[in-house]
There are 2 protein chains.
Amino acid sequence: MSTLILPPQATQAGLAVDIAAFAMHGGQLQVLLVERGSLPHARTWALPGGFVHLGEELGEAALRELRVKTSVELEPRLLEQFYTFGAVERDPRGRVVSVAHMAVLPHGTVRVTGGGNALGAGWFPAHTPPPLAFDHQEILNHAIDRLQIRLEYALLALEFLPDTFTLPELQGVYEAVLNKRLDKRNFRKRLLSQGVLTTSGERRSGVGRPAQLYRKASRVRIPGPL
Amino acid sequence: MSTLILPPQATQAGLAVDIAAFAMHGGQLQVLLVERGSLPHARTWALPGGFVHLGEELGEAALRELRVKTSVELEPRLLEQFYTFGAVERDPRGRVVSVAHMAVLPHGTVRVTGGGNALGAGWFPAHTPPPLAFDHQEILNHAIDRLQIRLEYALLALEFLPDTFTLPELQGVYEAVLNKRLDKRNFRKRLLSQGVLTTSGERRSGVGRPAQLYRKASRVRIPGPL
DNA sequence: TCAAAAGTGTTAGCATTACACCCATGC
DNA sequence: GCATGGGTGTAATGCTAACACTTTTGA
């Protein structure tokens, strides 16, 4: 395929992707973890991830690893690279750089089972996860920071919810991601004044007074990789 | 060194860094480019960069490449990774991922000469560079976007200037980076009200009325990699 | 005295925050 | 009728943006 060759001093490094996949569940921000089935760090929880295949784009690899390692069914609503972790000693097997990705999965995607060489997969509170393998705690911290920034910026909160949702549900996403409480009136004012939500007429039944349902107005804003 | 080995499906990719190094010169935002001396893209301008060495951290590699390829003397005031470019076909020699970095060099660092296998090095207007090798135009675009974001955020503009500077000079940095003109009064109000500048008493001689000199107040804010 | 660049205040509009009570429904 | 959660408005404050003239110096 290539007639030119890489120069001899070119480091060949293992190229991996790891994914911090978030979803809302039980009113909490949850992150998807897998239990490693092989060394190193066997039987330790870790972010799903693995090595990029030949001829495979980074984003494709992230998507494949997410599917294989966790058997999640739905399409991620957002999948973007956010930082590359390349410390020399981060993997005891040798030089491995990990292009870390952040993903948002819509509500309802909670049936996950381990696949590949993962023993299992499950959702854990993103702000208080179990001990993680490699430098995955650091990766997770960065991912949460990035998620908080993107949340306001690109109406990312909607991606956590089904097509129709109530304003209190949406506020719950904000509160779970930002890890702080918001004022109901100001929240509604701000969101509705942006004009990106359209009322969906119906009402959902619950314990107290039923809430108005909304859906995203057709205007879809695709966030760039900044 | 490592008793464990990488699994067979692990893609070994060439691991490179590229650096978009910015400085102010002649009232313009300039980017540092090198003329490639070898294939592919020989005699084409490109961002300085190259392969990471074994046992070398990504940031170290970026610094080394910057020094070797361009012979710049001064320390970069900021050097941070911002995105990883890993498209399968971005390098005709094979799979090479580039961890792109952004650097800011202080004023006065304009003596650059080619080194390594670069034919030459020089400063070019960042908003209107010559045709670039590989996907370096795309990398540069991302770098400028990131630079604009970081500018306000972390008082990054100060890093372009010598220790003491005038407010019109600082405003010039903002205008060059953001590529638009700003109101003098609002600019001064905003900057001075942040309380991060302290007047340096003296005055610098020039054509019109001399300007007050300022320096950064000791409070140094180290920006994180977000 | 002229040219060139530095310096200076006010106003209007807009967004953000804080804050407390009534409403609709199911049980 | 009561418990539960949904829904509503206003006032104060702070930030942002627009805008024109005077001051200081060197030539």
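Please read these numbers as outputs of a predicted model, since none were measured by experiment.
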ask   = Any idea which heavy atoms bring A:Leu119 and A:Gly37 closest together, and the distance?
value = CG-CA, 3.7 Å
request  = Taking the side chain as every heavy atom from C-beta outward, state whether A:Leu197 and A:Phe165 have any pair of such atoms under 4.5 Å apart.
outcome  = yes
key: Short N-O contact, A:Glu159 and A:Lys216, less than 4.0 angstrom   = yes
Backbone N/O of [Y] and side chain of [X]: donor-acceptor pair under 3.5 Å:
X: A:Gln28; Y: A:Ala176; value: no
X: A:Gln81; Y: B:Thr84; value: yes
X: B:Gln148; Y: B:Val177; value: yes
X: B:Gln171; Y: B:Leu182; value: yes
X: B:Arg77; Y: B:Phe160; value: no

note = The residue, A:Ala211 or B:Pro210, whose nearest nucleotide of DNA chain D is more 5′ is A:Ala211
key: A:Val207 vs B:Val207, nearer the 5' end of DNA chain D by closest nucleotide   = A:Val207
request  = Would you mind telling me which of C:dT25, C:dT16, C:dA6 lies closest to the side-chain atoms of A:Arg190?
outcome  = C:dT16
message = Can you identify which nucleotide, out of C:dA24, C:dT17, C:dG7, has its nearest atom closest to the B:Arg188 side chain?
response = C:dG7
remark   = A:Arg209 CZ to C:dC21 C1', in whole Å, measures 13 Å
query = Relative to the 5' end of DNA chain C, which residue comes earlier, B:Gly208 or A:Gly208, by the nucleotide with the nearest heavy atom?
reply = B:Gly208
message = Which residues in residues 169-187 of chain A have a heavy atom closer than 4.0 Å to any atom of DNA chain C?
response = A:Asp183, A:Arg185, A:Asn186
inquiry  = Of all nucleotides in DNA chain D that come within under 4.0 Å of a heavy atom of chain A, which is furthest toward the 5' end and which toward the 3' end?
reply    = D:dT4 to D:dT10
